[in-house]
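As structure tokens, the structure follows; a few thoughts come after it.
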2 protein chains.
Amino acid sequence: MEVVVESEVCRIMMGVNESTIKGYPHPSISSKGAFEWTLKKIVRSNISAFKFLFLHVQVPDEDGFDDMDSIYASPDDFKRMDRRDRIRGLHLLEFFVNRCHELGVACEAWIKKGDPKEVICHEVKRVQPDLLVVGSRGLGPFQKVFVGAVSEFCAKHAECPVLTIKRAADETPQDPVDD
Amino acid sequence: MEVVVESEVCRIMMGVNESTIKGYPHPSISSKGAFEWTLKKIVRSNISAFKFLFLHVQVPDEDGFDDMDSIYASPDDFKRMDRRDRIRGLHLLEFFVNRCHELGVACEAWIKKGDPKEVICHEVKRVQPDLLVVGSRGLGPFQKVFVGAVSEFCAKHAECPVLTIKRAADETPQDPVDD
């Protein structure tokens, strides 16, 4: 009987984002769901065979809502703002890294800025993971017009196999655009 | 240290089809590639933890090209034709079942008729696998108009996580619509 042997670690890249309801450092329902599903169904007890690569893409704050009451008087103020965003993103990644650490699964995590779907595909090209996992809100075509469809774009364009994991129906908030 | 334990077998459903170049019983490049990738990267040596469910959807022969020289003189002639198609499909499934048997991975396989994307999503609803794996030719938007995009439809509509595995560039035939 031939046996499947793969000595190399399977590197699973995951795009993760913050909750639109609870904000940083809480992960979105779909990011958290996709991560837990991957642990339960793919990694299982085969802990040493996998490594997670967590990528969080921060979207530049176009409307500046969060910075409404801020006053920018010097270049340093902008640096401080950048640093604050970065720290928020780091706290999000901390959630995933802590969970991996608890379980003993190897991981790495990093932050990029830009359009999530473009940045994720670009990072896939650079990092060459074995698999990209993306959580999806599972929105219908109408809602997709507004929120964009990162998972759909990645499944089409990323240069590696892509696992799309939709949010469970019983975890969908009243407004499905929330996550 | 908490340990991920999942005693239940992870049931991986795979939509498989025949080669458009070599015909039955040869699997398409993307079906075969997706299957081998899943064995190598997900199943690995963790053989007893997974079960494959192979679904082959036969597309009703609309233009009847294959039956050009056939003469239908009685209801039995049609039954015979159906039987012949069924046998061809079975030989395709035999390829995947044999490979699983060699490796000692549990599997099941069955055939349905209809529009592959619709049938696959319907079977996901009925069978409730943990994961659906679909091979993809990775065609551009122009080519997709003609060949349909089973993987894209399934990633959107199937009621379970969907793993889309594109064909490797070095395995793409001169005409990318071939598979």
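Sequence lines set the chain letters: A, B, ... in the order given, protein chains first and strands last, and positions in each chain run from 1.
Follow the hydrophobic side-chain contacts under 4.5 Å out from B:Ile111 and you reach B:Phe95 in the same cluster. Transitive grouping of hydrophobic side chains (ILVMFWY, heavy atoms separated by less than 4.5 Å) keeps B:Phe153 and B:Val59 in distinct clusters. Residues B:Val134 and B:Trp110 share a single hydrophobic cluster, defined by chaining ILVMFWY side chains whose heavy atoms lie under 4.5 Å apart. Connection of A:Phe35 to A:Ile29 is not established within any shared hydrophobic cluster, with ILVMFWY side chains joined at heavy-atom distances below 4.5 Å, either directly or through further cluster members.
When all heavy atoms are compared, the tightest approach of A:Asp130 to B:Trp37 is O-CZ2, 3.1 Å. Closest approach of A:Phe50 and B:Lys41 over heavy atoms only: CE2-O, 3.8 Å. Across all non-hydrogen atoms, the minimal contact from A:Val9 to B:Arg44 is C-NH1, 4.1 Å.
From A:Ile42, atom CD1 reaches atom CD1 of B:Ile12 across 6.0 Å, with rounding to the nearest 0.5 Å.
Using modelled atom types, one side-chain atom of A:Lys166 and one backbone atom of B:Ala158 make a donor-acceptor pair closer than 3.5 Å.
Heavy-atom contacts from other residues, nucleotides or ligands closer than 6.0 Å to NE2 of A:His26 number more than 12.
Applying the side chain to side chain contact (heavy atoms under 4.5 Å, CB included) test between A:Leu163 and each of B:Leu163, B:Ile165, B:Val162 identifies B:Leu163 as the sole match.
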